[in-house]
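Basis for what follows: all heavy atoms, side chains included, without hydrogens, waters or symmetry-related copies. Counting starts at 1 for both ligands and their atoms, in listed order.
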Amino acid sequence: MKILVINGPNLNLLGLREPELYGKQDYAALCRLIEETAVLEGIEVECFQSNHEGAIVDKIQSAWGRFDGIVINPAAYTHTSVAILDALKAVAIPAVEVHISDVGVREPFRQISYAGMACIKTYMGLGFDGYVQAIGYLKEYLK
Ligand code: DQA
């Protein structure tokens, strides 16, 4: 089983970026946690991060036939990108949405999630553990 983990814009600045919201650990620590989770779950993962909407769309398209599941934190593109929603719908790979912060209690403009409309489940406000939960959920869903 192969899972693709996609992180969107500014998540490469984890640790530096608004630590009161996103924590003090950096993106490399997040990738290590994801790799460790994959080893424990006996699955393969690939971590991908981009600040560019089109690069994320390209990555989702390239996942077709190569990955069984997608974990995606589209970051700010969550609230704006119909292109990412359409890419997830196009490949129809089961996808789980993750947000490190609890977007549900944040600004009104964060209350819409386009990508979430193509996802089977959303985890928010759990910090990095949301990614661990998402991988576990996908593994159960896919088996
Ligand atoms: C985020 C929440 C988004 O609203 C924000 O734009 C991000 C990160 C999160 O993980 O909590 O960049 O997706």
Side-chain angles (χ1 to χ4, degrees), residues 1-41 43-64 66-142:
M1 189 183 296
K2 284 186 76 175
I3 292 179
L4 173 62
V5 181
I6 298 175
N7 279 290
N10 301 306
L11 291 170
N12 56 316
L13 294 186
L14 283 171
L16 172 73
R17 174 189 185 204
E18 299 178 273
E20 67 287 358
L21 273 177
Y22 302 116
K24 290 182 183 149
Q25 289 188 287
D26 64 9
Y27 177 70
L30 175 60
C31 292
R32 279 198 299 276
L33 175 67
I34 291 166
E35 303 282 350
E36 285 163 15
T37 304
V39 171
L40 285 172
E41 296 278 7
I43 59 169
E44 286 180 59
V45 285
E46 180 181 320
C47 288
F48 174 81
Q49 189 277 330
S50 178
N51 295 325
H52 305 279
E53 184 177 16
I56 294 169
V57 169
D58 286 345
K59 192 69 187 178
I60 293 167
Q61 289 187 7
S62 75
W64 190 81
R66 294 183 52 228
F67 287 92
D68 306 297
I70 293 175
V71 171
I72 185 162
N73 181 349
Y77 291 139
T78 305
H79 318 298
T80 61
S81 181
V82 177
I84 291 174
L85 165 64
D86 284 349
L88 288 169
K89 287 171 86 170
V91 297
I93 298 169
V96 174
E97 178 186 21
V98 173
H99 298 287
I100 295 168
S101 67
D102 186 357
V103 287
V105 298
R106 295 183 63 190
E107 302 94 326
F109 65 83
R110 295 187 204 273
Q111 300 312 312
I112 187 151
S113 169
Y114 290 102
M117 294 173 194
C119 291
I120 55 172
K121 178 105 179 146
T122 297
Y123 291 95
M124 58 172 79
L126 300 178
F128 285 10
D129 194 50
Y131 294 85
V132 175
Q133 301 291 324
I135 290 167
Y137 184 88
L138 263 181
K139 189 189 160 189
E140 282 304 307
Y141 181 88
L142 291 167

- Asn51 and Gln49: side chain donor to acceptor below 3.5 Å: yes
- Query: Using a distance-only test with no angle check, is there a side-chain donor-acceptor pair under 3.5 angstrom linking Tyr131 and Asn73?
  - Reply: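 Yes, a side-chain donor-acceptor pair sits under 3.5 Å.
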Give the contacting part of [X] toward ligand 1: side chain, backbone, both or neither, where contact means a heavy-atom distance below 4.0 Å.
| X | value |
| --- | --- |
| Leu21 | neither |
| Val98 | neither |
| His79 | side chain |
| Arg17 | side chain |
| His99 | both |

Which of the atoms in ligand 1, numbered in the order shown and given with their element, are less than 4.0 Å from a heavy-atom of [X]?
| X | answer |
| --- | --- |
| Val103 | 2 (C), 4 (O) |
| Ile100 | 9 (C), 10 (O), 11 (O) |
| Arg110 | 3 (C), 4 (O), 5 (C), 6 (O) |

- Mutual orientation of the aromatic rings belonging to His99 and His79 [parallel < 30°, tilted 30-60°, perpendicular > 60°]: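 Geometry flag for His79 against His99: parallel rings.
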- Taking only residues two or more places apart in sequence, or in another chain, which ones meet Glu41 in a salt bridge (charged side-chain N to carboxylate O under 4.0 Å, His left out)? Lys139
Between side-chain atoms of residues 17-34 and protein atoms elsewhere (two or more places apart, or another chain), which donor-acceptor pairs fall under 3.5 Å?
unit_1, atom_1, unit_2, atom_2, d
Tyr22, OH, Arg106, NH1, 2.9
Asp26, OD1, Ala28, N, 3.4
Asp26, OD1, Ala29, N, 2.9

- Query: Do any heavy atoms of Tyr77 fall under 4.0 Å from ligand 1?
  - Reply: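 No, that is not the case, since the closest heavy atom of the residue is not under 4.0 Å from the ligand.
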